[in-house]
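Worksheet: one structure, shown below.
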Amino acid sequence: MEGSAPAKSSKNKVYAVGVIVFLGILSALYYVSAPVYLYIVVYMWFGFLYGALQQYGRFCFASAWRDLIMVKVPRMFVGIMVGAIVLSVISAYVFVKFPGGYHTANIGPHELVGGLLFGLGMVFAGGCATGSLYKTGEGNMISLTVLLSLSFAQAIFVALPFFDTLMKKLVYVLPANVTIANLIWGHKGPDGNYHLPDPAASDGGIGFFQHLVADSLLNTVLVAVLFMIGVYAIVVRKGFLKRRANELSANADGGEVKMGLKDDVAGFWSMISASRRTSIAAILIGIVAAIQIFTLNWMKEEYDFTNFGQVMTLTTDSGNPPPESWPAKDHASEVSSYGIMFDPGYWYITTQEAMFAAWAIEDGSGGSIDMKNNIYFGGELYEKNGQTFGYPGGNAIPKPWHSPALLLSFGLILGATFLSLWNREFKWKFPTKELFLYAVLGGTIMGIGARIALGCNIGGFYTRAAFGGPGGWIFFIGMGLGAFISAKFINYLANRKLEEMDFDIEL
Amino acid sequence: MKFNKKEDGSYELDVTGYVCPHPQLYTLKSMDKLQDGMILEVLIDNPSSVESVTQACNSKGFTILEQTSPKAGVTAVKIQK
């Protein structure tokens, strides 16, 4: 049996290479079908990179708050702060290079409520929205249960009349696109949202350094550093200084040692560097997220569209007939009433899964259930200040293989599969009754929370905060409150379970 | 989840099949029950929990004696209190 380990290891690596070959063939098929489909293939490969990096760094937003609260481990919390800082610096350049390429959703108390529900759910589920994707790639069917629950809960929730009412209230009352740069240099438009000066105007809009100071340094770096200092002071400092004093005392033959500022600096640094792989993954994810934005925006310019829904309706930006690289026939039934589909152009997770669930419900019912009759999927126009606008939404219900962001999620799962196979960490894992209940409950609450907050841990917090939106931090705080409540509850259940166990320890 | 005595002062906690946060939670709660010098070997098949378990043990001053992979997808972490 001893000789079988290397054989199994090499078998795993063959499977890992098989994943790459499969994605390669799939990419080629898309290209042969129509070269413009390379756009969604690129989404898929960025998903692959996210999945591999998340698996490498065990990158899950649920553990950021949960492990901090339950086992006093700040690894993931710090990793997320580092990643947000990296992404925010690059995002300052993205704003200049692609003005209008990123908009934050409406800011308000719904982010706190949605974040709280999301935090509650993610601790029960054992992973956030994106963490559940990469864990599914590790063969974890409990995480797949979470994903399916999250997807269907969202699809059903947004189809309820309540959600349309909520969306209308949010859009009428709360401004969108609130970033620090917009608050300083922008203005409120007739739609009630903030807008920066037009870069094409005589004043040339605002530049890189203004975005860097306002959106990156003030909104992200400063807040992230303050959060990390708080975590160090509350969770890490006492234990670190105690261990350091013991070590120094032993070296000084038991003499008394005094702790000072340099010891706190050492403690702070040890907190950041405690998990090398999480920090490396965090930095690389920030860089990949930025490169994705550049690449997709560049492709849109090259292929003459601003939203992939236009490819489905064969409508170019320039008004010219679609070039030969576009599909020969249209798929107009797959876009919303605005003629678009969900195509964020950056790292996003939950919306495409809601779209997938809606497609499954519609398709599974043979078309007798219409999931598009709402703002979220179908879209709706509204009047404000004498002008007509479209509600945020209109994400559409395309076929899964035509959904750019869903291809990202698909690639993310397979990226994690690739790396976990390569490192012998892949293992099929099926839910027990207890874990199934946690997964369904957690996934459902997370899905509802994500929709109320108009985003999940990525779109609602990570990219929102890194792109200068203070609303992202509101969601993050809500997430922490929710995680605190469910962590306490799970801890209570764990204590009850342990009371029933026989530890048989001689004391 | 199974907790077994391997030999005097040495125990095994099997949390395979569990996902976050259960492996790290039960590991720390089991460590609380041990006396100084005792050893706990934890079997985990949830990679992210391995990372959290080792970090939590380091910060509590427990010693990670060994980390092995007895079979694909499973990590054994040997911890001394």
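Chain naming here is simple, since letters A, B, ... match the order of the sequence lines and numbering starts at 1 in each.
Expressed to the nearest 0.5 Å, how far NZ of A:Lys72 lies from NZ of B:Lys60 amounts to 8.5 Å. In this structure, the separation between CG on A:Leu498 and CG on B:Leu25 is 7.5 Å, given to the nearest 0.5 Å.
Here the side chains of A:Ile142 and B:Tyr18 are not in contact, with every heavy-atom distance at 4.5 Å or above. With contacts defined as side-chain heavy-atom distances shorter than 4.5 Å, the pair B:Gln55/A:Asp67 does not qualify.
Applying the side chain to side chain contact (heavy atoms under 4.5 Å, CB included) test between B:Ser48 and each of A:Gln55, A:Met76, A:Gln54, A:Lys135 identifies A:Lys135 as the sole match.
Of all the listed residues (A:Trp428, A:Phe59, A:Phe240, A:Tyr438), the one sharing the greatest number of non-hydrogen pairs under 4.5 Å with chain B is A:Tyr438. Among the candidates B:Thr75, B:Val74, B:Asn46, B:Thr16, the residue making the largest number of heavy-atom pairs closer than 4.5 Å to chain A is B:Asn46.
Of the atoms belonging to A:Tyr134, it is side-chain heavy atoms, and not backbone ones, that fall under 4.5 Å from chain B. Heavy-atom distances place the side chain of A:Asn140, and not its backbone, under 4.5 Å from chain B. Heavy atoms of A:Glu425 lying under 4.5 Å from chain B belong to its backbone as well as its side chain. Of the two parts of A:Val73, only the side chain, counted from C-beta on, holds a non-hydrogen atom closer than 4.5 Å to a non-hydrogen atom of chain B.
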Self-check item: Pair A:Lys497-B:His22, side-chain contact (heavy atoms from CB on, under 4.5 Å): steps then yes or no
Solution: CA-CA 11 Å; A:Lys497 197 168 192 169; B:His22 306 281; over 6 Å; no
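Heavy atoms of other residues, nucleotides or ligands lying less than 6.0 angstrom from CZ of A:Phe430 number more than 12. Residue-environment remark: CZ (A:Phe484) stays at or below the threshold of 12 foreign heavy atoms within 6.0 Å.
Heavy atoms only, all atoms of each residue included: A:Val71 and B:Gln24 are closest at CG1-O, 4.0 Å. The two residues B:Lys29 and A:Asn491 come nearest to each other via the heavy atoms NZ-OD1, 2.9 Å. In plain terms, the two heavy atoms of A:Arg66 and B:Cys20 that are nearest each other are NH1-CB, 3.2 Å. The shortest heavy-atom contact between A:Asn12 and B:Ala72 is ND2-CB, 4.1 Å. Of all non-hydrogen atoms in B:Ser59 and A:Arg243, the two that sit nearest each other are O-NH1, 2.7 Å.
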